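Written below as structure tokens is the structure these notes are about.
The analysis underlying the following values was restricted to heavy atoms, covering all of them including side chains, and did not include hydrogens, waters or symmetry mates. It should be emphasised that the depicted structure is a prediction, and the values quoted were computed from it without experimental measurement. Below, read A as the first sequence line, B as the second, and so on, with proteins coming before strands; counting in each chain starts at 1.
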Amino acid sequence: MIDLKLLRDDPDRVRASQRVRGADESLVDALLSADDARRAAVARADRLRGEQKALSREIAKATPEQRTALLSRAKHLADEVKAAEADLAEAETALRAAHLAVPNVVEDGVPPGGEDDFVTLQTVGKPPTIDAPLDHTEIGAALHAIDTERGAKVSGARFYFLTGVGAQLELALVNLAMEQAQAAGFVPVIAPALVKPEIMEGTGFLGAHAAEVYRLADDDLYLVGTSEVALAGYHAGEILDAGSLPLRYAGFSSCFRREAGSYGKDTRGIIRVHWFDKVEMFSYVQIEESRDEHQRLLAWEREFMDKLELAYRVIDVAAGDLGTSAARKFDIEAWFPSQGAYRELTSTSNCTTYQARRLNIRARDTSSRDGKPAAIGPVATLNGTLCAVARTIACLLDHHQQADGSVYVPVALRPWLGGREVLTPAGG
RNA sequence: GGAGGCUUCGCCUAGUCUGGUCUAUGGCGCCGCACUGCUAAUGCGGUUUGGGUCUCAAGCCCAUCCCGGGUUCGAAUCCCGGAGCCUCCGCCA
């Protein structure tokens, strides 16, 4: 949810944000009038409740003779209070709906436009040149590392088994990612993959992308599409000590996505699947720190790409392609030789205070008190992929394939793969 | 899955039976001030959170006793539903 105070003080800024997103500007005015309506309803309900309180105090002190007269007045007033409270509840519901409909205000400098209007910030490394490259499905099959046929037999389309060196690769990547995160000061976390509706809603995944999310109807729980959800919910409803910020967590969990509406896209292999494991970075920081933290998350993502010895580019995602919660987003896209294209491997978003407002996560600043009450305000939350395992494996096999059918193993991964420098097809 | 107990403003706690200055008690912690020639002791004051109003300062007002309903002029207190925690039984990796 955006800051209503900002909206009242500077509605044009919010309108401008809607414009670069290609979103509906009239939502801003709808929110403004819903805000006015709620405040009017609050004023009226508060006034009536005040009268009611005063009157009921009189009744408590009144003599039995006075009481009868006061009671009839009080009964009438109670009806009015009830009606005013009903109006207020309605106004609050309307405000919340209007509030949720407005996405985060984009950061200055975000490229305007849609999916294809990203700006490439940096290109790193040289894409390998291989004649007639195989794709990761073929390589994975030859290595007996990826079995999508049996994945389909057991669980359906977009499921897979990682076997042998494929399973080892997952563990190697997770270990490498967790080791790097811990060295950078992240608290390692194994997070639940099932969450309650209010947490899923608070992180913004039940809005426009609700169809992407698996729901367990019998238990009213949702399967997370990323551990961002659990890591954001971790401090929901809490007031953090500002002195303890930044708080950084590296969460490992399975991720589940229905991939509704992506039929026919990446149907081969494990680039786009219903389930995969992921190591996700998540930071809670003061709002003034959020831009710098975003750069740090990007730097840690790049560090990981460098360890995997991949050629990649960093893109500044255009406003229209940002999620609801994000004020800015950087993606890292690595080179897939078999596709002759850069494909997204990681993504980092600065959600500023938008997500924290929804989840009611605040910080108390006790540093500059001088007898004054401590300042309390929402924190900024940021997230970034460190390693989305399945897609990263797909990229590694594709990117590091050799002419002889073997796959080069990046130096950083070798300690977890028995020191192997190449992966060789069985029997080849 | 079955039975019982518990949930109060950071933590602990009084209050719930018997509805009305509960405008929520006390302790700890924390903040400020005073005093003693030092951050210890003592004394005094302050200390939930959100919202409304406003010369966005003080003040005033409203809400908030796990959550949601209900009864009532009036609910921390009574009734119904739900959540979480604990104990025991059952089941289970």
Heavy-atom nearest nucleotide on RNA chain B for A:Leu55 versus A:Arg362: which residue maps closer to 5'? A:Arg362
Which residues satisfy the salt bridge (Lys or Arg N to Asp or Glu O under 4.0 Å) test with A:Asp24, sequence neighbours excluded? none
Tell which nucleotide pairs with B:rU25, taking only Watson-Crick or G-U wobble pairs whose two distances are both under 3.5 angstrom. none
CZ/A:Arg73: more than 12 non-hydrogen atoms of other groups inside 6.0 Å: no
Whom does B:rA83 pair with, Watson-Crick or G-U wobble, provided both distances fall under 3.5 Å? B:rU7
d(CD1, A:Ile59; C1', B:rA75) in whole Å: 15 Å
Between B:rG10 and B:rG50, how far is it from one P atom to the other, in whole Å? 12 Å
Any strand is fair game: report the nucleotide pairing with B:rU42 by Watson-Crick or G-U wobble, both distances under 3.5 Å, or none. B:rA34
Donor-acceptor pair, side chain of A:Asp277 and main chain of A:Val389, under 3.5 angstrom: no
Counting heavy atoms not belonging to A:Glu115, are there more than 12 under 6.0 Å from its CD? no
To the nearest Å, how far apart are A:Ile376 CD1 and B:rU47 P? 14 Å
Quantified in whole Å, what is the C1' atom distance between nucleotide B:rC60 and nucleotide B:rA76? 25 Å
Which of residues 73-93 of chain A have a heavy atom under 4.0 Å from RNA chain B? A:Ala74, A:Lys75, A:Ala78, A:Lys82
Between B:rA14 and B:rC92, how many Å separate the two P atoms, rounded to a whole number? 41 Å
Separation between the P atoms of B:rU47 and B:rU87, rounded to whole Å: 38 Å
Atom CE of A:Met1 and atom P of B:rG51 are separated, to the nearest Å, by 11 Å
Can you check the A:Arg57 CZ to B:rU21 P distance for me, whole Å? 9 Å
With both distances under 3.5 Å as the test, what is the Watson-Crick or G-U wobble partner of B:rA93? none
Determine the Euclidean distance between corresponding C1' atoms of B:rC66 and B:rU77; express it in Å to zero decimal places. 16 Å
Between P on B:rU53 and NZ on A:Lys5, what's the gap in Å once rounded to a whole number? 11 Å
By the 4.0 Å heavy-atom rule, please label A:Glu58 as base, sugar-phosphate, or nothing. nothing
B:rG37 versus B:rG27 - spacing of their C1' atoms, nearest Å: 33 Å
Taking atom P of B:rC11 as reference, at what distance in whole Å does atom CD1 of A:Ile239 sit? 11 Å
Counting only Watson-Crick or G-U wobble pairs whose two distances fall under 3.5 Å, which nucleotide matches B:rG20? B:rC73
Considering the options A:Arg158, A:Arg343, A:Arg257, which one meets the salt bridge (Lys or Arg N to Asp or Glu O under 4.0 Å) requirement together with A:Asp266? A:Arg343
Test: A:Asp29 and A:Arg15 ion pair at under 4.0 Å: yes
Taking the ring centre of each residue, are A:Phe282 and A:His235 less than 6.0 Å apart? no
Can you check whether A:Trp275's main-chain N or O pairs, donor with acceptor, with A:Tyr160's side chain at less than 3.5 Å? yes
From the candidates B:rA83, B:rG52, B:rA63, the one with an atom nearest any side-chain atom of A:Arg39 is B:rG52
In terms of the nearest nucleotide of RNA chain B, which residue is placed more toward the 5' end: A:Ala45 or A:Ser56? A:Ser56
Could you measure between the two C1' atoms, the one in B:rC78 and the one in B:rU25, and give it in whole Å? 23 Å
Distance between P atoms of B:rG69 and B:rC12 (Å, rounded): 27 Å
By the Watson-Crick or G-U definition, both distances under 3.5 Å, B:rU55 is matched with none
When you measure only distances, ignoring hydrogens and angles, does the side chain of A:Arg364 come within 3.5 Å of the base of B:rU49 through a donor and an acceptor? no
A:Leu95 CG to B:rG50 C1': how many Å, rounded? 14 Å
When the side chains of residues 165-179 of chain A are checked against the rest of the protein, which donor-acceptor pairs come out under 3.5 Å, sequence neighbours left out?
from	atom 1	to	atom 2	distance (Å)
A:Gln168	OE1	A:Arg420	NH2	3.2
A:Asn175	ND2	A:Leu171	O	2.9

Separation of B:rG50 C1' from A:Leu4 CG (nearest whole Å): 13 Å
